[in-house]
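Notes follow the structure.
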Protein chains: 2
Amino acid sequence: MTPGRLLPVIPQPAVQDCCTPLRASVLGASDAAELARRFAALADPVRLRLLSLLATSADGAVCACDLVEPVGKSQPTVSHHLRILREAGLVTSERRGSNIWYAAVPAALESLRTALGAPDA
Amino acid sequence: MTPGRLLPVIPQPAVQDCCTPLRASVLGASDAAELARRFAALADPVRLRLLSLLATSADGAVCACDLVEPVGKSQPTVSHHLRILREAGLVTSERRGSNIWYAAVPAALESLRTALGAPDA
DNA sequence: GCTCGATATTGATACATGTCGATATGTGGC
DNA sequence: GCCACATATCGACATGTATCAATATCGAGC
């Protein structure tokens, strides 16, 4: 379990926003593949709950040890899902002592919102 | 192929927006499952291109016969993907003579945008 | 350096999904 | 009713994915 609270900030990676909005112009094959890859990371209830846990945490980051119990899956399964979220750029991780802390990447969520957005938005 | 242009409007179904935004409160298990189901519909490049074709069409609707060639998949495969988009509420279809026309459902896209949105948005 | 706790990786299994060819269903015109 | 065309469904196959138990790896403290 988590000891006291630590420094909140995890450096946010640069998010290269991909792909013009769906409604702005017809998606090319490679843009579609990249967007699909990112949405696939959101297409699992466990990952959505993990992301939600991170995005709503007061500190902005949560110890991996505190993510296992809330989602009710085994530790390897949670680690697997965190890896997929990380590879999709939706979360970042940082080692703090013997623990690893995860944080959501708001810019990545914004990027996906943009892809779903109105053509003139 | 499509003859001339027809009446543009396809009646839009009511969209029940699901699930509080990810960043507003921790997602419950059932909300997470429902959201995951909707994002899964977007987690395929063929479906994203189909949706983009529909969302950018000048008439607001496209004959199914005009969706096969652009995505470069077989007719049954396109039909399969259109069904998934329809069941996710992202597109609507309407019979016009011997053809079936599809249209995007903007409100459904907005609903997903909201789920990805900022807590106070 | 060893041990312990935390996280990641591996291997195995069950299940879902994308794809196509073949076929069914449905519509309009003759 | 029959034929041609458009769309959907079916069956089969290959591939991907979620899950867990077991194991490996990595840090910290002694």
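Excluded from the calculations below are hydrogen atoms, water molecules and symmetry mates; all remaining heavy atoms, backbone and side chain alike, are included. Chain identifiers are assigned alphabetically (A, B, ...) following the order of the sequence lines, protein sequences preceding nucleic acid strands; residue numbering begins at 1 within each chain. In this text, all values refer to a predicted model and were calculated from it rather than measured experimentally.
Atoms CG (Leu85(B)) and C1' (dT17(C)) sit 14 Å apart, rounded to a whole Å. In this structure, Arg96(B) places its CZ atom 12 Å from P of dT7(D), rounding to the nearest Å. dC15(C) atom C1' lies 13 Å from atom CG of Asp44(A), rounded to whole Å. Between Ile100(B) atom CD1 and dT7(D) atom P there is a gap of 7 Å when expressed in whole angstrom units. Between the CH2 atom of Trp101(A) and the P atom of dC26(D) there is a distance of 23 Å, given to the nearest Å. Put simply, CG on Leu82(B) is 13 Å from C1' on dA6(D), counting in whole angstrom units. If you take CZ of Phe39(B) and C1' of dA16(C), they are 20 Å apart, rounded to a whole angstrom. The CG atom of Leu67(B) sits 14 Å away from the P atom of dA6(D) (whole-angstrom rounding).
A donor and an acceptor atom, one from each side chain of Thr77(B) and Ser74(B), are located under 3.5 Å apart.
Of the two residues near DNA chain C, Ser93(A) and Pro76(B), the one whose nearest nucleotide lies more 5' is Ser93(A).
Applying side-chain contact (heavy atoms from CB on, under 4.5 Å) to Ser52(B) and the options Leu35(A), Leu27(A), Thr20(A), Asp31(A) leaves one that passes, Leu27(A).
Within 4.0 Å of His81(B), counting heavy atoms only, lie sugar-phosphate atoms of the nucleic acid but no base atom. Counting any heavy atom pair closer than 4.0 Å across all strands shown, Ile84(B) reaches sugar-phosphate atoms only and no base atom. Using a 4.0 Å heavy-atom criterion, one finds that Ser98(A) contacts the sugar-phosphate atoms exclusively.
Proximity note for Tyr102(A) (side chain, C-beta onward) versus dT7(C), dA8(C), dC20(C): the nearest is dA8(C). Considering only side-chain atoms of Ser79(A), the nucleotide from dC20(D), dT9(C), dT19(C) that sits closest is dT9(C). The His80(A) side chain lies nearest to dT19(D) when the options are dA8(C), dA6(C), dT19(D). Comparing dA8(C), dT7(D), dC26(D) against the side chain of Arg95(A) picks out dC26(D) as the nearest.
Taking the side chain as every heavy atom from C-beta outward, Thr92(B) and Tyr102(B) never approach each other to under 4.5 Å. Using a 4.5 Å heavy-atom threshold, the side chains of Gln12(A) and Pro106(A) count as touching.
For dA6(D), the base has no donor-acceptor partner in the side chain of Gln75(B) [N/O atoms by modelled type, under 3.5 angstrom].
Of the side-chain N and O atoms in Thr77(A), one or more sit less than 4.0 angstrom from OP1 or OP2 of dC20(D). Taking side-chain N and O atoms only, Arg83(B) has no distance below 4.0 Å to OP1 or OP2 of dA8(D). Taking 4.0 angstrom as the limit, Asn99(B) places none of its side-chain polar atoms (N or O) nearer than this to OP1 or OP2 of dT27(C).
If you chain together hydrophobic residues whose side chains sit under 4.5 Å apart, Leu112(A) and Ile84(A) never meet in one group.
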